[in-house]
Number of protein chains: 2
Amino acid sequence: MTIREVAKRAGVSISTVSRVLNERPNDYMREDTREKVLQAIEELNYIPDRRAQSLRGGKTGIIGLIAPIRLNPFYVELSYAIENVCYKEGYGILVCNSKGDINRERTYIDLLVRQKVDGIIITTAGLKKGDLDELISRGITVILADEDVLEANTPAVFANNHLGACQATQYLIDLEHERIAFITGPLTVLSGRDRLKGYLDTLKKNSLEVDKSIIKKGNYTYSKGYSATQKLMRGGEGKFTAIFCCNDLMAFGAIRALQDNGKKIPQDYSIIGFDDMYFSSISNPQLTTVAQPVDKMALKVFKAFKREISDRPPLKKVHVLLDTKLVIRESCRKLR
Amino acid sequence: MTIREVAKRAGVSISTVSRVLNERPNDYMREDTREKVLQAIEELNYIPDRRAQSLRGGKTGIIGLIAPIRLNPFYVELSYAIENVCYKEGYGILVCNSKGDINRERTYIDLLVRQKVDGIIITTAGLKKGDLDELISRGITVILADEDVLEANTPAVFANNHLGACQATQYLIDLEHERIAFITGPLTVLSGRDRLKGYLDTLKKNSLEVDKSIIKKGNYTYSKGYSATQKLMRGGEGKFTAIFCCNDLMAFGAIRALQDNGKKIPQDYSIIGFDDMYFSSISNPQLTTVAQPVDKMALKVFKAFKREISDRPPLKKVHVLLDTKLVIRESCRKLR
DNA sequence: GTGAAAGCGCTAACAC
DNA sequence: GTGTTAGCGCTTTCAC
């Protein structure tokens with residue numbers, strides 16, 4: 001079922017078929033010719049081959065998405081937000097779960113290059129400017145999502161992690177909490193550092209002292225949230241009344257650790273997370289958290305991609321910073 | 001960066017380059033020629049174009065995955081299990097979230113046909129044998145996962161839903177529960193019907209009466225789990241001591257509904273789910289459930305795919321049925 | 001308005 | 001052993 005067969009059936013040449021397929025503005029043709037072709041297409045159930053189309057200079061209509069998806073469930077939220085806008089725009093999306101493994105990331109990039117995808121949306125686990133430049137030199141548009149790359153000359157879209165951390169911290173303070181423990185994200189990644197800074201800045205802004213003994217290193221995993229909270233408990237139960245966890249998954253770990261110590265949430269301790277994954281809305285207790293604007297992120301990412309592949313892409317690569325939003329549910333309470 | 005440039009740099013013809021690229025068994029060549037080519041490839045950082053390769057009769061190396069992913073989070077488990085085996089085998093996976101919408105499914109199928117994917121792994125929301133046959137006639141291998149299509153002449157892989165439901169029901173009975181409520185899945189889908197049957201059969205096997213008033217219709221969503229449980233409560237609190245929910249998501253809804261009525265799990269009611277999603281292992285309480293063998297399913301699906309695209313695909317299309325496994329956690333207790 | 005033909009990057013049959 | 005060439009399915013000049 002090729003364009004040739006359609007041409008034969010319609011009694012025209014293949015270029016005519018191609019013309020009706022592509023509908024260019026200044027391409028005039030007799031209406032009955034078009035009809036004939038359309039009918040032949042219909043009858044043969046013909047669907048053009050995108051590989052062949054793209055080989056002749058066109059686009060593949062595929063976008064690659066690379067992210068540490070299963071590491072942090074937040075990325076399944078983000079990936080499906082992106083899938084959704086790609087669907088609406090007629091793009092296919094090749095999903096590459098890097099698991100945070102740089103080798104896996106590179107293997108996937110190789111696959112995407114082979115497939116000549118139109119673009120790659122990536123939350124990288126450690127790629128550098130040079131890696132990105134090579135991709136770009138291959139004609140593949142790269143959009144950074146949620147994680148920056150130093151000096152990268154390509155568009156990037158983030159949630160305002162600093163703002164989010166400020167919102168969370170301030171909320172706890174407004175609830176009269178003064179000793180707020182903090183479980184960090186990995187400090188190797190932008191979001192981790194920004195969230196820490198937001199916490200610190202908000203404490204300072206409210207003239208609250210920073211107590212390093214209630215700041216624990218985390219890595220966005222459930223088990224780390226659990227173990228960090230255990231450490232917190234061993235460090236002295238009275239040293240804090242609330243915990244701000246740098247993502248929801250760790251917050252669940254924290255809640256569990258507290259419960260295992262016979263504590264109740266939010267009666268004994270208030271817990272706030274970050275991300276707002278789907279499960280945070282149905283967990284017990286439902287988690288108060290900072291929502292990342294995933295849908296908006298997906299949209300902005302896609303728009304950046306479109307702009308980049310347009311005839312005249314902007315020289316100045318945008319860095320979009322999207323506002324987060326506090327979502328109040330059940331895991332925090334007013335202290336007194 | 002094409003094969004031509006590599007050839008020029010290595011001082012050989014393009015067919016020689018093609019030969020070293022493809023390494024056929026009976027293709028001999030001088031070692032130094034191969035070396036030269038390899039070096040040129042290396043120096044130019046050449047990566048062959050899969051579109052062009054596949055156009056010339058080859059495979060695209062892409063598999064499409066269609067499933068109602070965000071409808072039931074179980075499918076995110078399944079999809080990443082599949083992604084994982086595809087990764088290992090060098091396949092790219094085009095993820096298509098149908099949301100259970102047949103139109104979306106069809107649009108995606110069109111996209112996958114255009115992209116000339118090697119195969120489609122599908123959990124369909126309503127495609128019929130005819131739709132599948134058309135795909136197959138287009139040279140696209142179709143593998144059914146988790147959901148059957150009547151009389152379809154293509155391989156299929158399922159979890160043994162009947163067995164799973166038996167395991168869950170029997171477990172509750174072993175815990176001395178005799179009045180076990182049941183929240184069904186959609187009865188339009190295979191898994192829904194089989195799970196119901198497993199429940200009914202096990203009741204009968206244990207000479208327990210079926211009480212239709214404690215069997216409620218569900219649809220695999222959280223909110224339905226919640227509302228069905230509310231109905232159950234209004235029907236009479238004493239009429240049941242346990243609820244078997246046809247998937248984990250509804251189980252969470254049920255737990256919530258019970259808690260909103262001031263009940264405790266598992267003290268007041270035992271709850272068992274089905275699927276074993278990641279979140280079930282970290283929820284409060286951690287959910288006792290029936291685990292679907294997702295990794296094994298993914299493997300079997302992939303193997304069926306490979307067999308189908310092999311030189312001599314089996315005429316008889318296999319139906320693989322995989323055993324489920326009871327995962328005991330915290331949401332059930334012995335009645336007395 | 002429509003058709004013929006070149007060529008996208010590659011593989012494979014056939015020469016040499 | 002290696003090169004030449006046709007052709008995969010399509011788009012796009014360039015003729016007519």
Side-chain angles (χ1 to χ4, degrees), chain A residues 1-38 40-41 44-62 110 112-118 138-140, chain B residues 1-38 40-41 44-62 112-118 138-140 311:
Chain A
M1 228 166 318
T2 73
I3 197 171
R4 227 169 298 273
E5 299 177 44
V6 176
K8 202 195 296 176
R9 177 155 198 132
V12 298
S13 76
I14 60 166
S15 26
T16 301
V17 177
S18 177
R19 272 187 202 103
V20 351
L21 246 33
N22 294 297
E23 301 241 20
R24 296 188 184 297
N26 287 1
D27 239 18
Y28 299 106
M29 67 195 322
R30 259 202 259 116
E31 200 42 50
D32 59 325
T33 312
R34 159 180 273 100
E35 289 298 333
K36 272 191 304 186
V37 173
L38 251 18
I41 289 177
L44 293 175
N45 221 325
Y46 166 74
I47 297 181
D49 185 330
R50 199 69 142 89
R51 294 170 306 177
Q53 291 181 312
S54 71
L55 201 55
R56 193 66 183 72
K59 299 288 180 182
T60 53
I62 303 185
D110 187 88
L112 295 178
V113 169
R114 272 174 214 281
Q115 295 291 357
K116 286 278 184 296
V117 296
D118 297 338
R138 288 197 134 98
I140 297 181
Chain B
M1 230 168 315
T2 73
I3 198 172
R4 229 168 295 274
E5 298 177 45
V6 176
K8 202 195 296 176
R9 177 154 196 134
V12 299
S13 76
I14 59 166
S15 34
T16 300
V17 177
S18 177
R19 271 187 205 102
V20 351
L21 246 33
N22 294 296
E23 300 239 21
R24 283 176 201 305
N26 287 0
D27 240 20
Y28 299 105
M29 69 194 321
R30 258 201 260 115
E31 201 41 50
D32 59 324
T33 312
R34 159 179 274 101
E35 290 298 331
K36 272 191 305 188
V37 173
L38 251 19
I41 289 176
L44 294 175
N45 221 325
Y46 166 74
I47 296 181
D49 184 329
R50 200 67 143 92
R51 294 171 306 176
Q53 291 181 313
S54 71
L55 201 54
R56 195 61 184 70
K59 300 287 180 182
T60 53
I62 304 185
L112 295 179
V113 170
R114 272 174 213 282
Q115 295 291 355
K116 286 279 184 295
V117 295
D118 297 337
R138 289 196 132 99
I140 296 181
D311 294 333

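In what follows, chains carry the letters A, B, and so on, assigned in the order in which the sequence lines appear, proteins first and then strands, with residues in each chain numbered from 1.
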**Student:** Looking at CG of Leu44(B) and CZ of Arg9(B), how far apart are the two atoms once the value is rounded to the nearest 0.5 Å?
**Tutor:**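 Atom-to-atom, Leu44(B):CG and Arg9(B):CZ are 5.0 Å apart.
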**Student:** Phosphate oxygens OP1/OP2 of dG9(D): is one of them under 4.0 Å from a side-chain N or O of Thr2(A)?
**Tutor:**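 For dG9(D), OP1/OP2 do not have a side-chain N/O of Thr2(A) under 4.0 Å.
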**Student:** Has the side chain of Arg34(A) got a donor or acceptor that lies under 3.5 Å from a partner of the other kind on the base of dG1(C)?
**Tutor:**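 No such pair is found, so the answer is no.
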**Student:** Does the Thr16(A) side chain pair with the main chain of Val12(A), one donor and one acceptor, at a distance under 3.5 Å?
**Tutor:**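 No: the side chain of Thr16(A) does not pair with the backbone of Val12(A).
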**Student:** Over how many whole Å does the gap from Gln115(A) atom CD to dC10(C) atom C1' extend?
**Tutor:**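 After rounding, the reported distance stands at 14 Å.
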**Student:** What is the distance, rounded to the nearest whole Å, between atom CE of Met1(B) and atom P of dC8(C)?
**Tutor:**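 Interatomic distance, CE of Met1(B) to P of dC8(C): 16 Å.
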**Student:** Determine, for Glu23(A) against Arg34(A), whether the closest basic-nitrogen to carboxylate-oxygen distance falls under 4.0 angstrom.
**Tutor:**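 Yes, charged N to carboxylate O under 4.0 Å.
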**Student:** Closest to the Arg19(B) side chain: dG1(C), dC10(C), dA13(C)?
**Tutor:**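 Nearest listed nucleotide: dA13(C).
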**Student:** Looking at dC10(C), dG3(D), dG1(C), which one has an atom nearest to any side-chain atom of Thr33(A)?
**Tutor:**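 Comparing dC10(C), dG3(D), dG1(C) against the side chain of Thr33(A), the answer is dG1(C).
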**Student:** Starting at the 5' end of DNA chain D, which residue's closest nucleotide do you reach first, Asp32(B) or Gly57(B)?
**Tutor:**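 Upstream on the strand: Asp32(B).
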**Student:** Does any N or O in the side chain of Arg51(A) come within less than 3.5 Å of the main-chain N or O of Ser54(B), such that one atom is a donor and the other an acceptor?
**Tutor:**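 Side chain of Arg51(A) to backbone of Ser54(B): a pair is present.
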**Student:** Taking the side chain of Met29(A) as its heavy atoms from C-beta onward, which of dT11(C), dT2(C), dG3(C) lies nearest to it?
**Tutor:**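 Per side-chain heavy atoms of Met29(A), the pick is dT2(C).
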**Student:** Specify the separation, in whole Å, of atom CD of Glu5(B) and atom C1' of dC8(C).
**Tutor:**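 After rounding, the gap between these two atoms is 13 Å.
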**Student:** Could you check how far CZ of Arg56(B) sits from C1' of dG7(C), rounded to whole Å?
**Tutor:**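 For the pair Arg56(B) CZ and dG7(C) C1', the rounded distance is 15 Å.
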**Student:** With the side chain of Tyr28(B) defined as its heavy atoms from C-beta on, choose the nearest nucleotide among dG1(D), dT4(D), dG9(D).
**Tutor:**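 Between dG1(D), dT4(D), dG9(D), the one nearest the side chain of Tyr28(B) would be dG1(D).
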**Student:** Look at the side chain of Leu55(A) and decide which nucleotide, out of dT11(D), dG9(D), dG3(D), has an atom nearest to it.
**Tutor:**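 From the listed options, dG9(D) comes nearest.
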**Student:** Where the side chain of Ile14(A) is defined as all heavy atoms beyond and including C-beta, which of dT2(C), dT11(C), dA5(C) is the nearest nucleotide?
**Tutor:**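 Looking only at side-chain atoms, Ile14(A) lies closest to dA5(C).
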**Student:** Measuring only between side-chain heavy atoms, which start at C-beta, is Ile47(A) closer than 4.5 Å to Arg138(B)?
**Tutor:**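 Yes, their side chains come closer than 4.5 Å.
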**Student:** Answer yes or no: does a side-chain N or O of Arg51(B) lie under 4.0 Å from OP1 or OP2 of dG9(C)?
**Tutor:**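 Arg51(B) to dG9(C) OP1/OP2: no side-chain N or O under 4.0 Å.
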**Student:** Please check the phosphate of dG3(D) (OP1 and OP2 only) for any side-chain N or O of Thr16(B) closer than 4.0 Å.
**Tutor:**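 For dG3(D), OP1 or OP2 has a side-chain N or O of Thr16(B) closer than 4.0 Å.
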**Student:** With the side chain of Pro48(A) defined as its heavy atoms from C-beta on, choose the nearest nucleotide among dT12(D), dC10(D), dT11(C).
**Tutor:**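 Closest nucleotide to the Pro48(A) side chain: dC10(D).
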**Student:** Counting heavy atoms from C-beta on, name the nucleotide in dT11(C), dA4(C), dG9(D) closest to the side chain of Ser15(A).
**Tutor:**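 Looking only at side-chain atoms, Ser15(A) lies closest to dA4(C).
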**Student:** Nearest heavy atom decides the nucleotide; on that basis, is Glu31(B) or Asp49(A) closer to the 5' end of DNA chain D?
**Tutor:**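 Between the two, 5'-proximity favours Glu31(B).
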**Student:** If you only use heavy atoms from C-beta on, which nucleotide in dG9(D), dC10(C), dG3(C) is closest to the side chain of Val12(A)?
**Tutor:**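 My answer, after comparing the listed nucleotides, is dG3(C).
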**Student:** Take the protein atom NZ of Lys36(B) and the nucleotide atom P of dT2(D), then report the distance between them rounded to whole Å.
**Tutor:**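 It is 8 Å, rounded to the nearest whole Å.
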**Student:** If the cut-off is 4.0 Å, is Arg24(A) near the phosphate of dT12(D), judged by side-chain N/O to OP1 or OP2?
**Tutor:**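 For Arg24(A), the contact criterion (side-chain N or O under 4.0 Å from OP1 or OP2 of dT12(D)) is met.
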**Student:** Would you kindly give the NZ-to-P distance between Lys59(A) and dT11(D), to the nearest whole Å?
**Tutor:**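 After rounding, the reported distance stands at 16 Å.
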**Student:** For Leu21(A) and dT12(D), what is the distance between atoms CG and P respectively, to the nearest whole Å?
**Tutor:**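 Checked: the CG to P distance equals 11 Å.
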**Student:** Keeping the roles fixed (side chain from Thr60(B), backbone from Lys116(B)), state whether a donor-acceptor pair exists under 3.5 Å.
**Tutor:**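 A pair under 3.5 Å: yes.
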**Student:** Give the rounded distance in Å between these two atoms: CD1 of Ile3(A) and C1' of dA5(C).
**Tutor:**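 Atom-to-atom, Ile3(A) to dA5(C), this comes out as 14 Å.
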